[in-house]
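Position 1 is the first residue of the sequence; numbering continues from there.
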Amino acid sequence: MLDKFTRSWELTKQSWAVLRAEKGLVLFPILSSITSLAIVASFAVPIALAIDWSKFEQDGKHGAQIFQGWHYPVLFVLYVLTYFITTFFNAGLIACVNERLEGRDTNVGFGLKAAAGRIPQIFGWSVLNATVGVVIQMIADRLGWVGQMILRFIGMAWAIATFFVVPVLVLEGVGPIDAVKRSVSVLKKNWGEAGITTLGFSAVATLAGVLWAIVTMGPAIALMMAMRSPVPLFAGIAAFILGGMVLSVVVSTMQVIVRAALYRFAATGAVAAGFDESQFRSAFAPKKK
């Protein structure tokens, strides 16, 4: 466990160095989040207004059946749009990261242009990913707790198989099916039939979040008790939420940076400046016999 955290910390520092050199990279997850929230809201508000909530109150089971009748098509369209937005901005980020790792200057405009050049591939991948997501959800809904177990294992297998799909789409320009095949091939070639151990950014982010909570909420609670006023507590909560949003953006950006660097290493054997080859080779655990 300690080895995993140490490796994660090293990868975090290496990706942070890239982000410091190109601070504009954080704009990609910010734009992605804003656009995704707008899309979700554009679905949620009309649906909430269209549903006859009185039927749920009078007969919850009947109301649920009415909702079940059309929620899968709506879910599919929502998945396609959100996957498209997320993949589009991740594609732009990966294009910029690749330029930076090649030693060339880059900017947000370059990334957006690169992503726009891959719109057919991104849309195809979004449709494929949404199809898999809806099918998994249908299985989970029909099989109850068994479906939830299936959902977990299928979701994990799909996440592993598609780990490098977006870098492949951006850097090789192939279609979604070929991108999945290429992702699986790269994984097998470099790490065997691998089980991703996790790059551990979640552990680093959790530790950072706990420290931030202590820094913001500790003094806020102390001041609240001393002043006998809730104002410091509200200020502390606001600071904690704002810091959490910033942390989320930074961590998600660094995750994409590492994924792009890993793919360069896996596909070409080239280790980008500032990254350690031994960390890359140990980022994945070989399948246990």
Partner set under side-chain hydrogen bond (donor to acceptor under 3.5 Å, both in side chains) for Arg20, not counting sequence neighbours: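 For Arg20 there are no side-chain hydrogen bond (donor to acceptor under 3.5 Å, both in side chains) partners, ignoring immediate neighbours.
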
Sequence-distant partners of Arg100, side-chain hydrogen bond (donor to acceptor under 3.5 Å, both in side chains), two or more places apart: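 Result, side-chain hydrogen bond (donor to acceptor under 3.5 Å, both in side chains) vs Arg100: Glu22.
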
Salt bridge (Lys or Arg N to Asp or Glu O under 4.0 Å) contacts in which one or both residues fall within residues 158-182, not counting sequence neighbours: Glu172-Arg182

All pairs passing salt bridge (Lys or Arg N to Asp or Glu O under 4.0 Å) where residues 214-237 contributes a residue, at least two apart: none

ring-ring contact (aromatic ring centres under 6.0 Å, His included): pairs with one or both residues in residues 241-264, sequence neighbours excluded: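 Sorted result for residues 241-264: Phe164-Tyr263.
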
Pair listing, ring-ring contact (aromatic ring centres under 6.0 Å, His included) test, anchored in residues 94-136, at least two apart: Trp125-Trp158

Look up atom [atom1] in [X] and atom [atom2] in [Y], then write down how far apart they are to the nearest 0.5 Å.
| X | Y | atom1 | atom2 | value |
| --- | --- | --- | --- | --- |
| Ile30 | Thr35 | CD1 | OG1 | 11.5 Å |
| Leu93 | Thr253 | CG | OG1 | 6.0 Å |
| Asn129 | Ile122 | CG | CD1 | 12.5 Å |
| Phe234 | Ser229 | CZ | OG | 8.5 Å |
| Ile257 | Ser252 | CD1 | OG | 9.5 Å |
| Leu101 | Cys96 | CG | SG | 11.0 Å |

Qualifying side-chain hydrogen bond (donor to acceptor under 3.5 Å, both in side chains) pairs with a residue from residues 77-89, counting only residues at least two apart or across chains: none

What's the shortest heavy-atom distance between [X] and [Y], and which atoms?
| X | Y | value |
| --- | --- | --- |
| Ala220 | Gly236 | CB-CA, 3.8 Å |
| Leu19 | Met254 | CD2-CG, 4.1 Å |
| Ala114 | Ala95 | CB-CB, 3.5 Å |
| Val26 | Val249 | O-CG1, 3.7 Å |

N/O donor-acceptor pair under 3.5 Å between Thr162 side chain and Val180 backbone: no

Main-chain N/O of Leu169 paired with Arg118 side-chain donor or acceptor, under 3.5 Å: yes

Non-neighbouring partners of Arg104 that pass salt bridge (charged side-chain N to carboxylate O under 4.0 Å, His left out), sequence neighbours left out: Glu99

Side chains of [X] and [Y], heavy atoms from C-beta outward: is any pair under 4.5 Å?
| X | Y | answer |
| --- | --- | --- |
| Asn98 | Arg264 | yes |
| Val231 | Met224 | no |
| Leu233 | Met217 | yes |

Side-chain cluster (under 4.5 Å, hydrophobic types only) that Met227 belongs to, other residues: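 Traced through the cluster, Met227 reaches Leu223.
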
Co-members of Ile214 in a cluster of I, L, V, M, F, W and Y side chains, linked at under 4.5 Å: Val210

Taking [Y] as the starting point, is it possible to reach [X] by hopping between hydrophobic residues whose side chains are less than 4.5 Å apart?
| X | Y | result |
| --- | --- | --- |
| Ile39 | Val74 | yes |
| Leu81 | Leu37 | no |
| Val170 | Ile119 | yes |
| Leu31 | Val256 | yes |

Set of residues satisfying side chain to side chain contact (heavy atoms under 4.5 Å, CB included) with respect to Leu112, sequence neighbours excluded: Phe28, Phe88, Phe89, Val108

Show me, pair by pair, the donor-acceptor contacts under 3.5 angstrom made by side chains of residues 239-248, not counting sequence neighbours?
none

